[in-house]
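Owing to the predicted nature of the structure, the values given are computational and were not obtained by experimental measurement.
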Amino acid sequence: MNALRETYDGDFEIIAVPSSNFFNQEPSSNPDEIMNAIQHVRPGNGFQPNFMLAARADVNGENRLPLYTWALSRCVAPVPTFNDPKMLYYTPLSVEDIRWNFEKILFDKTGQPFKRYAATTEPFELEEDLRYLIEREY
């Protein structure tokens, strides 16, 4: 995401929301521990995000952030199936749920959800849609 943001510097923002809803991949709510994990473990090698990193939060289940409830109701899930339910650390399941860490939601300039992308979608695979939204007249 760093490279995509650098390519379009100033034209859009990225907000990452760590979550432990998926196999408890983000077990800490401590921002320093989260940043240390990013820098030294995944992706590691001293990586520094050039975008905002929010506090850890639930993106699914009964404690889902209200922003996610709203946004997910407006965009179709990019993957129709769920991972093994034993790897999902939340209840209840909903067809609107984020399927896995690193799923992405693209919003337009007015703040409306435009499209969701699977966790496996590489950042530059969003480029065509991103360019469309940047150039679009409102």
K.L.:
Quick check: closest heavy atoms across A55 and P18, and the distance to 0.1 Å?
P.N.:
O-CD, 3.9 Å
K.L.:
Side chains of M35 and P49, heavy atoms from C-beta outward: is any pair under 4.5 Å?
P.N.:
yes
K.L.:
Under 6.0 Å from the OH atom of Y89, do we count more than 12 heavy atoms belonging to anything else shown?
P.N.:
yes
K.L.:
Yes or no on side-chain contact (heavy atoms from CB on, under 4.5 Å) for F22 and V59, after CA distance, side-chain angles and deciding distance?
P.N.:
CA-CA 10 Å; F22 312 99; V59 297; 3.8 Å; yes
K.L.:
Spell out, yes or no, whether Y68 and F51 are grouped together once hydrophobic residues are joined by side-chain heavy atoms under 4.5 Å, including indirect joins.
P.N.:
no
K.L.:
How far apart are the C-alpha atoms of F12 and F107, what are their side-chain angles, what is the distance that settles it, and do they pass the side-chain contact (heavy atoms from CB on, under 4.5 Å) test?
P.N.:
CA-CA 10 Å; F12 77 104; F107 292 82; over 6 Å; no
K.L.:
Checking side-chain contact (heavy atoms from CB on, under 4.5 Å) between L133 and each of L126, T110, D108, which is the one that passes?
P.N.:
D108
K.L.:
Has the side chain of K104 got a donor or acceptor atom that lies under 3.5 Å from a matching backbone atom of F102?
P.N.:
yes
K.L.:
Supply the atom-to-atom distance Y8 OH to R131 CZ, rounded to the nearest 0.5 angstrom.
P.N.:
4.0 Å
K.L.:
How many angstroms lie between CD in Q39 and CG in N36, if you round to the nearest 0.5 Å?
P.N.:
6.0 Å
K.L.:
Tell me if a side-chain donor or acceptor on E103 pairs with a main-chain N or O of R99 at a distance below 3.5 Å.
P.N.:
yes
K.L.:
Nearest 0.5 Å please: distance from the CG atom of L106 over to the CG atom of D129.
P.N.:
6.5 Å
K.L.:
Dump the intermediate steps for side-chain contact (heavy atoms from CB on, under 4.5 Å) on S94 and N60, then the final yes or no.
P.N.:
CA-CA 8 Å; S94 166; N60 289 331; over 6 Å; no
K.L.:
Would you say that more than 12 heavy atoms from the other residues, nucleotides or ligands in this model lie under 6.0 Å from the CD of E128, or not?
P.N.:
no
K.L.:
Please give me the minimum heavy-atom distance between P27 and R56, naming the atom from each residue.
P.N.:
O-NH1, 2.8 Å
K.L.:
With a 4.5 Å limit on heavy-atom distance, are the side chains of Y90 and R64 in contact?
P.N.:
no
K.L.:
Which heavy atom of S73 sits nearest a heavy atom of E96, and at what distance?
P.N.:
CA-OE2, 3.5 Å
K.L.:
Hey, could you give me the CZ/CG distance between R5 and D11, rounded to the nearest 0.5 Å?
P.N.:
10.0 Å
K.L.:
For A57, is there any backbone N or O sitting under 3.5 Å from a side-chain donor or acceptor partner on S19?
P.N.:
yes
K.L.:
I'd like to know if the side chain of K115 reaches the main chain of C75, judged simply by a donor and an acceptor atom lying under 3.5 Å from each other, with no hydrogens or angles considered.
P.N.:
no
K.L.:
Looking at every non-hydrogen atom in both residues, tell me the closest pair between L88 and W100 and how far apart they are.
P.N.:
CD2-CZ3, 3.9 Å
K.L.:
F23 versus N83: any side-chain heavy-atom pair under 4.5 Å?
P.N.:
no
K.L.:
Over all heavy atoms of both residues, which pair between T120 and E125 is shortest? Give the atoms and the distance, please.
P.N.:
O-OE2, 4.3 Å
K.L.:
Only one of V17, L72, V79 forms a side-chain contact (heavy atoms from CB on, under 4.5 Å) with I98, so which one is it?
P.N.:
L72
K.L.:
Do N2 side-chain atoms and Q48 backbone N/O form a donor-acceptor pair below 3.5 Å?
P.N.:
yes
K.L.:
Distance from M52 atom CE to I15 atom CD1, nearest 0.5 Å?
P.N.:
4.5 Å
K.L.:
Are Y117 and Y132 connected in a single hydrophobic cluster, I mean Ile/Leu/Val/Met/Phe/Trp/Tyr linked by side-chain heavy atoms less than 4.5 Å apart?
P.N.:
yes
K.L.:
So, taking the atom named CG in N21 and the one named CD in E26, what distance separates them when rounded to the nearest 0.5 Å?
P.N.:
11.5 Å
K.L.:
Please determine whether residues L67 and L53 belong to a single hydrophobic cluster, defined as Ile, Leu, Val, Met, Phe, Trp and Tyr linked transitively by side-chain heavy-atom distances below 4.5 Å.
P.N.:
no
K.L.:
For the CG atom on N45, are there more than 12 heavy atoms of other groups (residues, nucleotides or ligands in this structure) within a distance under 6.0 Å?
P.N.:
no
K.L.:
Does I105 share a hydrophobic cluster with I134, counting links as ILVMFWY side-chain heavy atoms below 4.5 Å and allowing steps through other members?
P.N.:
no
K.L.:
So if you build clusters from Ile, Leu, Val, Met, Phe, Trp, Tyr with side-chain heavy-atom gaps below 4.5 Å, do F47 and V41 land together?
P.N.:
no
